[in-house]
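Worksheet for the structure shown next.
Numbering of residues begins at 1 and proceeds along the displayed sequence. Nothing here was measured: the structure is a model prediction, and the numbers come from that model.
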Amino acid sequence: QVQLVESGGGLVQAGGSLRLSCAASRRTVGVYAMGWFRQAPGKEREFVAAISRSGDSTPYADSVKGRFTISRDNVKNLMYLQMNNLKPEDTAIYYCAAATGPVPTGRVDYWGRGTQVTVSS
């Protein structure tokens, strides 16, 4: 089992940047694929970005391609989401996820509690 804790959310103006972090309670490299999902008010949770267990695959949602970058620090068991050129439509609660299968096509095994990102226009 693994616990996930997100941090780094906040309020930012459109065009600004934020970096989200996800701290895992145990080693994830080679064990879990990791990902970020988000949920805006009144909408379903949606996929944002993922990184494979080996780190050699990083799929993104079309809405964030070229603006967001996912990465992981295998020594510190951390995962990051660098978000640049933020838009008001990026406003959502962002969740960290871990899965023994592929993300996002497989089932997520563990979720964090989320961190709020608010982008003002």
Side-chain angles (χ1 to χ4, degrees):
Q1 197 169 16
V2 60
Q3 284 75 47
L4 305 171
V5 179
E6 303 94 337
S7 62
L11 173 64
V12 64
Q13 287 188 331
S17 298
L18 282 174
R19 189 177 79 158
L20 304 183
S21 298
C22 173
S25 61
R26 54 160 289 181
R27 181 175 178 267
T28 59
V29 62
V31 180
Y32 297 104
M34 304 288 291
W36 290 96
F37 291 75
R38 67 187 181 186
Q39 187 167 19
K43 295 187 177 181
E44 293 190 353
R45 190 174 299 188
E46 65 175 3
F47 167 72
V48 176
I51 187 163
S52 62
R53 286 184 289 178
S54 63
D56 60 356
S57 176
T58 54
Y60 293 91
D62 288 344
S63 59
V64 306
K65 278 182 183 176
R67 299 189 298 122
F68 291 11
T69 304
I70 190 170
S71 61
R72 64 197 301 174
D73 183 327
N74 296 326
V75 175
K76 297 181 179 179
N77 296 329
L78 290 169
M79 179 179 65
Y80 303 104
L81 185 67
Q82 178 66 44
M83 306 186 294
N84 297 328
N85 190 21
L86 282 160
K87 304 176 180 181
E89 51 264 42
D90 294 318
T91 295
I93 298 174
Y94 283 71
Y95 297 91
C96 174
T100 52
V103 177
T105 56
R107 182 179 64 94
V108 171
D109 296 295
Y110 303 104
W111 293 98
R113 291 189 174 185
T115 185
Q116 176 71 48
V117 171
T118 303
V119 184
S120 63
S121 58

Give the minimum heavy-atom separation between [X] and [Y], together with the two atoms involved.
X: Ala33; Y: Gly101; value: CB-O, 3.5 Å
X: Val12; Y: Gly16; value: CG2-CA, 3.8 Å
X: Ala92; Y: Ala40; value: CB-N, 3.8 Å
X: Leu81; Y: Val48; value: CD2-CG1, 4.2 Å
X: Val75; Y: Asp73; value: N-OD1, 3.0 Å
X: Ser17; Y: Asn84; value: OG-OD1, 2.9 Å

Of all residues at least two apart in sequence or in a different chain, which pass the salt bridge (Lys or Arg N to Asp or Glu O under 4.0 Å) check with Asp109?
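So Asp109 forms a salt bridge (Lys or Arg N to Asp or Glu O under 4.0 Å) with Arg107.
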How long is the gap from SG on Cys96 to CD on Gln3, to the nearest 0.5 Å?
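Interatomic distance, Cys96 SG to Gln3 CD, rounded to 0.5 Å: 12.0 Å.
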Can you tell me how far apart OG (Ser7) and CG (Leu20) are? Round to the nearest 0.5 Å.
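One gets 8.0 Å once the value is rounded to the nearest 0.5 Å.
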In sequence, state the C-alpha distance, the side-chain angles, and the governing distance for Arg113 and Glu6, and then conclude on salt bridge (charged side-chain N to carboxylate O under 4.0 Å, His left out).
CA-CA 7 Å; Arg113 291 189 174 185; Glu6 303 94 337; over 6 Å; no
Is a donor on one side and an acceptor on the other found under 3.5 Å between the side chain of [X] and the backbone of [Y]?
X: Thr28; Y: Tyr32; answer: no
X: Thr58; Y: Ile51; answer: no
X: Arg26; Y: Asn77; answer: no

Tyr94 vs Phe68 aromatic rings, parallel, tilted or perpendicular, using cut-offs 30° and 60°?
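Taking Phe68 first and then Tyr94, their aromatic rings sit tilted (interplane angle of 30° to 60°).
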Within-4.5 Å side-chain heavy-atom neighbours: [X] and [Y]:
X: Met79; Y: Ile70; value: yes
X: Ser21; Y: Lys76; value: no
X: Met34; Y: Leu4; value: yes
X: Glu46; Y: Arg38; value: yes
X: Thr91; Y: Gln116; value: yes

Please determine if Arg45 forms a cation-pi arrangement with Phe37, meaning its NZ or CZ atom is less than 6.0 Å from the six-membered ring centre and no more than 45° off the ring axis.
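Judged by the rule, Arg45 and Phe37 form no cation-pi pair.
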Note: Lys87-Asp90 ion pair, threshold 4.0 Å (strictly below)
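Judged by the 4.0 Å cut-off on N to carboxylate O distance, Lys87 and Asp90 do not form a salt bridge.
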Going hydrophobic residue to hydrophobic residue with side-chain gaps under 4.5 angstrom, can you get from [X] over to [Y]?
X: Tyr95; Y: Leu78; value: no
X: Val2; Y: Val31; value: yes
X: Ile93; Y: Phe47; value: yes

